[in-house]
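The structure displayed is predicted, hence computed values, not measured ones.
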Amino acid sequence: MKLYKYTSYNAAKSIIENSNIGFNQIDRFNDPFEGKATGWGEAVPDWDKIYAQKRQQILLEARVNYRVLSLTREPLNPLMWSHYSQAYEGVVIEFNTHNAGFDSDSFVIPASKGEVIYTRTKPPKLEQQVFKDSITSDVLKRSFLFKSQEWSYEEEVRIVCESNHLTAKLINGRPMDMYQLPDNSIKSVYLGYNFFRPLNYILDRNNPIESLLKHDKEILDLYHVILSWMDRGISVKACGPENNSWRLTESDINRQSIQSSASKLEAKLQQKI
């Protein structure tokens, strides 16, 4: 199965170079209502206080002890590019879920069972008997796989793992739990329509030569990164709008064209130095 990750260029570069990807705690997601589909709120009636402590403990364990990787079925969703790939300046990574191990039963919710369920109304309250001494599949499903209908454009598929199966790291000062990707996990990378926009520049009139050199070196670095991805057997694609509609379409980026552009820029820089 193919699944996709919308992300920034720097994050994608790190994922590919280090062969790992971060799983996140659900409380750090951008929807404050994550995990609220169990039907049990904070208010506890008197008759229920006998069971409330165990129930709240189990729900807390689900939120604290498990980590989630959010992927999607669609690599050419205009809203997703705007919301999660830095307004088309980032990339989308395509994973082969089998090669990546995402279909493995070592995940409490593997990719094959992780399709998010979008509803207009909250599902009915979970029955008290599902709250046993350990976290059940019913609790996991309600905690991680239900969202409001408004989020359905994301076509999200989640992979859920116990945190103690991951490696905790600080990424840019933010706690993340990293999963080591096996070889051949990543099949392709889509470059956003505005991928090169961050390198647009205004010439520094006080230091025009240095300003131009810096810009050309940054472009060359990007070319080298793209070539390094291709060296790993990763297909690199561009995306842009169709001629007669707002829909996005993809096109393969030819290695020879990138190599030629890099060689010309290297020669240009040698003449300037």
Side-chain angles (χ1 to χ4, degrees), residues 3-8 10-12 15 21-43 55-93 95 97 102 107-126 130-131 135-163 166 168-179 192:
L3 290 176
Y4 303 88
K5 181 69 175 177
Y6 287 78
T7 189
S8 67
N10 286 331
I15 290 168
I21 190 167
F23 281 57
N24 214 341
Q25 189 174 343
I26 199 168
D27 287 334
R28 301 191 191 113
F29 281 20
N30 59 355
D31 179 4
F33 306 114
E34 292 281 1
K36 302 292 178 67
T38 61
W40 293 97
E42 295 182 3
R55 187 173 64 240
Q56 289 173 346
Q57 180 63 31
I58 288 174
L59 292 175
L60 179 62
E61 287 178 10
R63 301 179 75 88
V64 171
N65 295 337
Y66 292 85
R67 300 294 183 268
V68 180
L69 174 63
S70 295
L71 302 175
T72 180
R73 295 189 180 280
E74 176 54 61
L76 298 173
N77 183 317
L79 286 177
M80 293 288 282
W81 274 103
S82 291
H83 296 168
Y84 296 108
S85 286
Q86 295 187 312
Y88 290 81
E89 292 178 1
V91 308
V92 166
I93 300 173
F95 291 97
T97 59
F102 294 154
F107 293 103
V108 295
I109 299 179
S112 59
K113 298 178 181 177
E115 188 165 351
V116 171
I117 300 164
Y118 301 100
T119 62
R120 293 197 179 279
T121 59
K122 286 185 178 180
K125 183 181 293 187
L126 278 175
V130 306
F131 295 94
I135 297 175
T136 65
S137 60
D138 289 317
V139 172
L140 287 171
K141 185 175 180 179
R142 286 291 190 90
S143 295
F144 298 115
L145 297 184
F146 278 80
K147 285 179 70 70
S148 167
Q149 182 69 35
E150 283 76 13
W151 296 88
S152 62
Y153 76 94
E154 293 187 347
E155 297 182 67
E156 188 177 359
V157 177
R158 291 180 171 179
I159 301 155
V160 182
C161 183
E162 292 182 73
S163 60
L166 304 168
K169 288 186 178 179
L170 277 178
I171 307 295
N172 297 323
R174 180 183 177 190
M176 292 291 288
D177 294 273
M178 310 305 293
Y179 170 75

Write out all pairs satisfying salt bridge (charged side-chain N to carboxylate O under 4.0 Å, His left out) with one or both partners inside residues 21-30, taking only residues at least two apart or from two chains. D27-R63
Do S70 and E156 get their side chains close enough for a donor-acceptor pair, meaning under 3.5 Å? yes
Report the residues that fulfil side chain to side chain donor-acceptor pair (under 3.5 Å) with S82, sequence neighbours left out, ordered by chain and then residue number. none
Only counting residues at least two apart or in another chain, list the ones meeting side chain to side chain donor-acceptor pair (under 3.5 Å) with E162. none
Hey, does the side chain of [X] reach the backbone of [Y] with a donor-acceptor pair shorter than 3.5 angstrom?
| X | Y | result |
| --- | --- | --- |
| W81 | P75 | yes |
| K147 | S152 | no |
| T72 | E154 | yes |
| R158 | F144 | yes |
| S85 | V91 | yes |

Take atom NZ in K141; do more than 12 heavy atoms of anything else shown fall under 6.0 Å from it? no
Quick check: are there more than 12 heavy atoms from other residues, nucleotides or ligands sitting under 6.0 Å from CZ of F29? yes
Determine whether the aromatic ring centres of residues F102 and Y179 are separated by less than 6.0 angstrom. yes
